[in-house]
**Student:** 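Submitted below is the structure of interest, expressed as structure tokens.
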Amino acid sequence: MPERAPLRIAFTNIPRRLWAGGHNYQRNLFEALNRHAPGSVTPVLFAGTADDSEEIAALAGIPAVEVVRSPVFDHAATGLARATDLARAIAFGLDGPAIAEFRTRKIDMVFESARFFGWRLPFPAIAWFPDFQHRLLPHLFSRSAYWRRDLGFRIQLASGRHVMLSSASALGDLKRFYPGLSKGVSVVRFATEPPASLLATNPSDVIASYGLPPRYFYLPNQFWRHKNHQLVVDALDLLKRRGLGVVVAASGSTLDFREPGRFEAMMQEVKARGLETNFRHLGMIPLDHVYALLRASAALINPSECEGWSTTVEEAKSFGVPMLLSGLEVHREQTEGRARYFAIRDAEALADHMSQVARSADPGIVRDLLPNLDERVKAFVADFVRLTADVMQGARSR
């Protein structure tokens, strides 16, 4: 019996500076597929001509990944889900230029993330809904942005896309906000397995290069309002008043199309409150530095007001890094109770957790990947491959 050819799945590039979690998710998926299910899937990544060349080269370096660069996908350079792409897909039933590229590259299936390719898409498709932030935190969206996102979700659901979610919490949100959907939904919880090349950097060198103390907390979230950096600044202020000089190292993009200038205003507040030595923003740093700082930190902090399945939490789990997390249902699901939790407006509770960890943390510890990680990543890959096979089988039987 001839060996089945790998399933050729189209992915669109997610620039790290726009959405680090999405970028890291796809990179991790490609790495995990290559390691645990070689020959099952060929990820074909469609990137814009303006996308970061180093990022694209890193993804192209993963075995089995094919990269196609085309101006058809230049929308990602200025923001995810450009309104004109959605309008064309709705008006004509398909995003013609993108479909032409897919046909040329002999695509079998399309993985939609933050871009809708049309209700007449001639390929089986999986629509990944990372979260329902616009429904949970509508005040963070302009009226047009809210309805553009909601309309995109509704059309994907009406078009018969198989929806992929990352948590049971998100499944509950889907049923609450879009009732009546009884089939075509799967929960695939991802697990992260950083490649050895990203773990070769010496954490002590990285810590020294940023002028950090041996004991610090790490906050690797993009500077979007819902990521809730304000709570961390408030907690640091409380700790300073108690006489405890705690340091939080923050990294990630400061770009937010919804609220330009927010980062600058926050850093001015940090200065006005005399917290410059306590809240250190390092900017967008290389991924190997991210892992180095995470592995050597006293704890990861994620105070977010909304998550689908946090990439940073998953990475902390991979190394057994202690975690201080907002008490979201998804955070509790993801960590199975193995973290310290606080309400998203309770700076005092976060300060208490930070104080306890800071007093007990042993500086100089660098954590390695946990032995149970392999099994978790294998389960993630098996669920994803099973989902793609089921969707293809369903398309053939229609």
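No hydrogens, no waters, no symmetry mates; every other heavy atom, side chains included, goes into these values.
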**Student:** So, applying side chain to side chain donor-acceptor pair (under 3.5 Å) with Arg189, which one of Gln334, Glu314, Glu333 is it?
**Tutor:**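 Checked Gln334, Glu314, Glu333 against Arg189; only one passes side chain to side chain donor-acceptor pair (under 3.5 Å): Glu333.
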**Student:** Can you confirm if the NZ or CZ of Arg69 lies within 45° of the ring axis of Phe46 and under 6.0 Å from the centre of its six-membered ring?
**Tutor:**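 No, cation not above the ring by the 6.0 Å, 45° rule.
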**Student:** Do Glu259 and Arg225 sit within salt-bridge range, that is, some charged N less than 4.0 Å from a carboxylate O?
**Tutor:**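 Looking at Glu259 and Arg225, the cut-off is met.
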**Student:** With Arg149 as the cation and Phe141 as the aromatic partner, state whether NZ or CZ is under 6.0 Å from the six-membered ring centre and within 45° of the axis.
**Tutor:**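 No, Arg149 does not lie over the aromatic ring of Phe141.
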**Student:** My understanding is that only one of Arg35, Lys378, Arg376 makes a salt bridge (Lys or Arg N to Asp or Glu O under 4.0 Å) with Glu193; could you say which?
**Tutor:**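 Only one of Arg35, Lys378, Arg376 forms a salt bridge (Lys or Arg N to Asp or Glu O under 4.0 Å) with Glu193, namely Arg35.
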**Student:** Testing Leu171, Asp390, Val391, Leu387 for side chain to side chain contact (heavy atoms under 4.5 Å, CB included) with Ser186, which one passes?
**Tutor:**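 In the set Leu171, Asp390, Val391, Leu387, the residue that makes a side chain to side chain contact (heavy atoms under 4.5 Å, CB included) with Ser186 is Leu387.
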**Student:** Do Trp128 and Tyr25 pass the ring-ring contact (aromatic ring centres under 6.0 Å, His included) test, and can you show the C-alpha distance, the side-chain angles, and the key distance before you say yes or no?
**Tutor:** CA-CA 11 Å; Trp128 178 37; Tyr25 178 92; 4.2 Å; yes
**Student:** Can you tell me if Ser304 and Ser326 form a side-chain donor-acceptor pair at under 3.5 Å?
**Tutor:**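 Judged by distance alone, the side chains do not pair up.
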**Student:** Taking atom CZ of Arg148 and atom CZ of Arg143, what is their separation to the nearest 0.5 Å?
**Tutor:**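 Interatomic distance, Arg148 CZ to Arg143 CZ, rounded to 0.5 Å: 13.5 Å.
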**Student:** Would you name the heavy atoms of Arg17 and Met284 that are closest together and state the gap between them?
**Tutor:**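 What the structure gives for the nearest pair is CA-CE, 3.9 Å.
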**Student:** Does the ring centre of His289 sit less than 6.0 Å away from the ring centre of Tyr210?
**Tutor:**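 Yes: the rings meet the under 6.0 Å criterion.
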**Student:** Could you tell me whether a side-chain N or O of Lys227 sits under 3.5 Å from a main-chain N or O of Glu305, the two making a donor and an acceptor?
**Tutor:**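 Flag not set: sc Lys227 to bb Glu305 has no pair under 3.5 Å.
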**Student:** For the rings on His134 and Phe153, is their centre-to-centre separation under 6.0 Å?
**Tutor:**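 Yes, the ring of His134 comes within the 6.0 Å limit of the ring of Phe153, centre to centre.
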**Student:** Check this for me, if you would: do Asp95 and Arg115 make a salt bridge, where the nitrogen-to-carboxylate-oxygen distance has to be below 4.0 angstrom?
**Tutor:**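 Yes, Asp95 and Arg115 are salt-bridged.
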**Student:** Hey, is Asp383 close enough to Arg386 for a salt bridge, meaning N to O under 4.0 Å?
**Tutor:**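 Salt bridge present between Asp383 and Arg386.
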**Student:** Strictly below 4.0 Å, N to O, side chains only: are Asp234 and Arg345 in salt-bridge contact?
**Tutor:**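 Here Asp234 does not pair with Arg345 in a salt bridge, since their nearest N and O are not under 4.0 Å apart.
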**Student:** Where is the tightest heavy-atom contact between Gly308 and Ser167, given as atom of each residue plus distance?
**Tutor:**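 That would be O-OG, 3.2 Å.
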**Student:** How are the rings of Phe263 and Phe223 set to each other: parallel, tilted or perpendicular (split at 30° and 60°)?
**Tutor:**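 Rings of Phe263 and Phe223: perpendicular, over 60°.
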**Student:** Does a side-chain N-to-carboxylate-O contact under 4.0 Å join Arg135 and Asp150?
**Tutor:**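 Counted as a salt bridge, because a side-chain N and a carboxylate O are separated by less than 4.0 Å.
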**Student:** For the CD1 atom of Ile301 and the CG atom of Leu350, what is their distance to the nearest 0.5 Å?
**Tutor:**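 So the gap between those two atoms works out to 5.5 Å.
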**Student:** What's the verdict on ring-ring contact (aromatic ring centres under 6.0 Å, His included) for His331 and Tyr341, showing C-alpha distance, side-chain angles and the deciding distance?
**Tutor:** CA-CA 9 Å; His331 274 164; Tyr341 308 100; 7.8 Å; no
**Student:** Under the ring-ring contact (aromatic ring centres under 6.0 Å, His included) criterion, do Phe11 and Phe30 qualify, and how do the steps go?
**Tutor:** CA-CA 10 Å; Phe11 294 83; Phe30 300 162; 5.0 Å; yes
**Student:** Can you tell me how far apart NZ (Lys317) and CG (Leu369) are? Round to the nearest 0.5 Å.
**Tutor:**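 If we round to the nearest 0.5 Å, Lys317:NZ and Leu369:CG are 13.5 Å apart.
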**Student:** With side chain to side chain contact (heavy atoms under 4.5 Å, CB included) as the test, pick out the partner of Met323 among Thr312, Val357, Leu300.
**Tutor:**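 The option that passes is Leu300.
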**Student:** State yes or no: are the ring centers of Phe117 and Phe123 separated by less than 6.0 Å?
**Tutor:**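 Not under 6.0 Å, so no.
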